[in-house]
> 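I am attaching a structure below and will ask some questions about it afterwards.
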Amino acid sequence: MIEFNKAPFTGREIAYMQEAMNGHKLCGDGPFTKKCHAFLTERFGAAAAFLTTSCTHALEMAALLAGVGPGDEVILPSYTFCSTADAFVQRGATLVFTDIRPDTMNLDEKKIEAAITPRTKAIAVVDYAGIACEMEPIREIANHYHLTIVEDAAQGFGASYKGKPLGMLGDFGCFSFHETKNISMGEGGALLLPDLSHREAAEIIREKGTDRSRFFRGQVDKYTWVDYGSSYLPSDLGAAYLYAQLEVCDEINADRMRTWNHYDEALRPLAEKGLLDVPCIPEGCVHNAHMYYIKAKDLAERTALIAHLKANNVQAVFHYIPLHSAPAGRKYGRFSGADEFTTKESERLVRLPLYYGLTEEDSETVIRAVRSFYKA
Ligand SMILES: *Cc1c(COP(=O)(O)O)cnc(C)c1O
């Protein structure tokens, strides 16, 4: 069976994790965490970067830092992973789901303004498949209505929009290093801050509400509990694993890109014949080969396609059940306007196997199985 995903592993992780263990200091913010922070701030031009235990936790930090609270509304796509929503539910906010664009599966920038009310506090954008939303108009809307933009860049590591890296498009950028993402530490994530205004507050929230970071910098002579916080920092063992991958992140993404391009060259002709749909990469967007998906005609065809692929030893998967139709989504939010594309498009989408190290022979098998389904 060609698996849908395999956790990325380069081989160098072992030596770094051994080094971390030799140092006998495995708690958070150790030497490897510092190396990761330096790498991330430099690579993304961020004012500060913080490793977290997950992207979900990076989003929780962003929601706290943005001051989202009870009575506030947050606009987000219904077509996303539940973590995008969880962070704001935890703060007592109401979710306002908006429709997506059928071409990119991203939040439709033209439908945001209709969802804004006097209670709107933030817009959570999701870089689906490592492809940015139309951020220029979204930024204009956010500025005009004084809204914070939280960027769920869980899938966006290494991609860009008009020359700007994903993760740096909003006021808070959140990456995931879960094992299903391009760069991984098993479970983990990062929060990027484009400017310094929230740096100290972020340090405090991440360290149980203490000013421990100031203490380590020698700015205060003892550390104390100064505000609400949680424990969002990962062990240095995880950071050691991650650092090995960050060092070769371009190679990892280039390897995935070869598979992505192989799929695209083979399957785009089927799209041109009207048999299926393939991803759209808008002008100005450079993606990171996080995902290759195809879209079947409808739910029935997708179910048959997934079964056909399975019979041909190919594990293909679909996602997401739109949040507004999930039990928690109904409880915590509402859909703004008409669900023109969210449900319909989500029922058509199938993700093909894509991971670091997937061989050309295997991607050829996947392509053959898709072609045979469409008798192409
Ligand atoms: C993977 C993912 C998350 C969650 O990431 P974790 O690191 O597992 O918390 C959030 N949002 C999106 C869009 C994702 O793809």
Side-chain angles (χ1 to χ4, degrees), residues 4-8 36 40 49-64 74-90 95 97-98 100-101 104-107 122-133 135 149-159 161 166-167 169-170 172-192 206 230-235 238-239 241-242 245-246 253 256 279 287-293 317-324 326 328-329 342 345-346 349 351 354-355:
F4 166 69
N5 179 64
K6 276 188 192 170
C36 290
L40 293 170
F50 298 99
L51 283 197
T52 57
T53 27
S54 63
C55 179
T56 308
H57 282 168
L59 288 160
E60 281 185 17
M61 286 183 68
L64 271 159
V74 176
I75 293 170
L76 74 166
S78 172
Y79 185 72
T80 181
F81 190 57
C82 54
S83 297
T84 321
D86 276 320
F88 302 106
V89 170
Q90 194 197 34
L95 308 171
F97 299 111
T98 49
I100 51 164
R101 293 165 43 146
T104 58
M105 305 299 283
N106 270 334
L107 196 61
I123 306 172
V125 296
V126 178
D127 306 317
Y128 184 68
I131 296 160
C133 297
M135 289 308 293
I149 298 177
V150 175
E151 183 186 6
D152 180 345
Q155 303 176 9
F157 192 99
Y161 169 81
L166 269 55
L169 304 179
F172 302 97
C174 305
F175 284 135
S176 173
F177 300 123
H178 184 262
E179 72 167 37
T180 51
K181 303 305 197 285
N182 291 27
I183 311 298
S184 162
M185 55 194 281
E187 297 278 357
L191 175 71
L192 293 191
R206 184 165 162 274
S230 188
S231 185
Y232 289 125
L233 65 176
S235 149
Y241 188 99
L242 179 70
Q245 303 215 346
L246 290 177
N253 279 358
R256 296 178 72 106
H287 72 97
N288 59 354
H290 174 64
M291 189 191 302
Y292 197 87
Y293 64 79
V317 301
F318 66 83
H319 71 176
Y320 306 103
I321 308 293
L323 297 184
H324 76 279
T342 300
E345 298 301 310
S346 72
L349 187 138
R351 302 173 66 185
L354 181 54
Y355 53 81

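Values below: all heavy atoms of this structure, side chains included; hydrogens, waters and symmetry mates excluded. In listed order, ligands and their atoms are each counted from 1. These numbers come from a predicted model, not from an experiment.
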> Is it true that the side chains of H324 and S78 contain a donor and an acceptor less than 3.5 Å apart?
yes
> Rounded to the nearest 0.5 Å, what's the gap from CG on L95 to CZ on F88? Could you check?
8.5 Å
> Judging by distance only, is a nitrogen or oxygen of Q155 under 3.5 angstrom from one on ligand 1?
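Q155 vs ligand 1: N/O contact under 3.5 Å present.
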> I'd like to check which ligand 1 atoms, numbered from 1 as shown, lie under 4.0 Å from a non-hydrogen atom of Y320.
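What qualifies from ligand 1 is 15 (O).
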> K181 near ligand 1, heavy-atom distance under 4.0 Å?
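Yes.
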> Please state which option from A85, A154, A190 has its nearest heavy atom closest to atom 14 (C) of ligand 1.
A154
> Return the orientation label for the Y128 and Y320 ring planes: parallel under 30°, perpendicular over 60°, tilted otherwise.
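Judged by the thresholds at 30° and 60°, the geometry between Y128 and Y320 is perpendicular.
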> Is there a side-chain contact between Y241 and F177 in this structure, where contact means two heavy atoms from C-beta onward sitting under 4.5 Å apart?
no
> Between N106 (side chain only) and I131 (backbone N and O only), is there a donor and an acceptor less than 3.5 Å apart?
yes
> Near S83, which atoms of ligand 1 are under 4.0 Å from a heavy atom of that residue?
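Close to S83: 4 (C), 10 (C).
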> In terms of atom number and element, which parts of ligand 1 are under 4.0 angstrom from non-hydrogen atoms of V126?
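Going through ligand 1 atom by atom, the ones under 4.0 Å from V126 are 13 (C).
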> So, does F175 sit close enough to ligand 1 that a heavy atom of it is under 4.0 Å from the ligand?
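Per 4.0 Å heavy-atom rule, F175 does not contact ligand 1.
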> Whether the E60 and Y232 side chains hold a donor-acceptor pair (N or O, under 3.5 Å, no angle test) is what I'd like checked.
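A pair is found: one side chain offers a donor N or O, the other an acceptor, under 3.5 Å apart.
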> For atom 5 (O) of ligand 1, state which one of G189, S176, G156, G186 supplies the nearest heavy atom.
S176
> Any nitrogen or oxygen of C55 lying under 3.5 Å from a nitrogen or oxygen in ligand 1? Just yes or no.
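For ligand 1, there is an N or O atom that lies under 3.5 Å from one belonging to C55.
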> Test of understanding: given a 4.0 Å heavy-atom threshold, classify the contact between D152 and ligand 1 as side chain, backbone, both, or neither.
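D152 to ligand 1: side-chain contact only, backbone stays beyond 4.0 Å.
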> If we ignore hydrogens and angles and just use 3.5 Å, is the side chain of N5 paired with the main-chain N or O of Y355 as donor and acceptor?
no
> Using a plain distance cutoff, I'd like to know if T80 has any nitrogen or oxygen under 3.5 Å from a nitrogen or oxygen of ligand 1.
no
> Is it true that atom CZ of F4 has more than 12 heavy atoms of other residues, nucleotides or ligands lying nearer than 6.0 Å?
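Yes.
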> Need the ligand 1 atom indices (1-based, order shown) with element for anything under 4.0 Å from a heavy-atom of G188.
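In order of number, 7 (O).
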> Closest non-hydrogen protein atom to atom 9 (O) of ligand 1, residue and atom name please, with distance?
T56 OG1, 2.5 Å
> Ring centres of Y293 and H319 under 6.0 Å apart?
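So the answer is no for these two rings.
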> Taking non-hydrogen atoms only, is S54 closer than 4.0 angstrom to ligand 1 via side chain, backbone, both or neither?
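It is both backbone and side chain that touch ligand 1.
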> Regarding N182 and N253, is there a side-chain donor-to-acceptor distance under 3.5 Å anywhere?
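Yes.
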> Give a yes/no on ligand 1: does C174 have at least one heavy atom closer than 4.0 angstrom to it?
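Contact absent.
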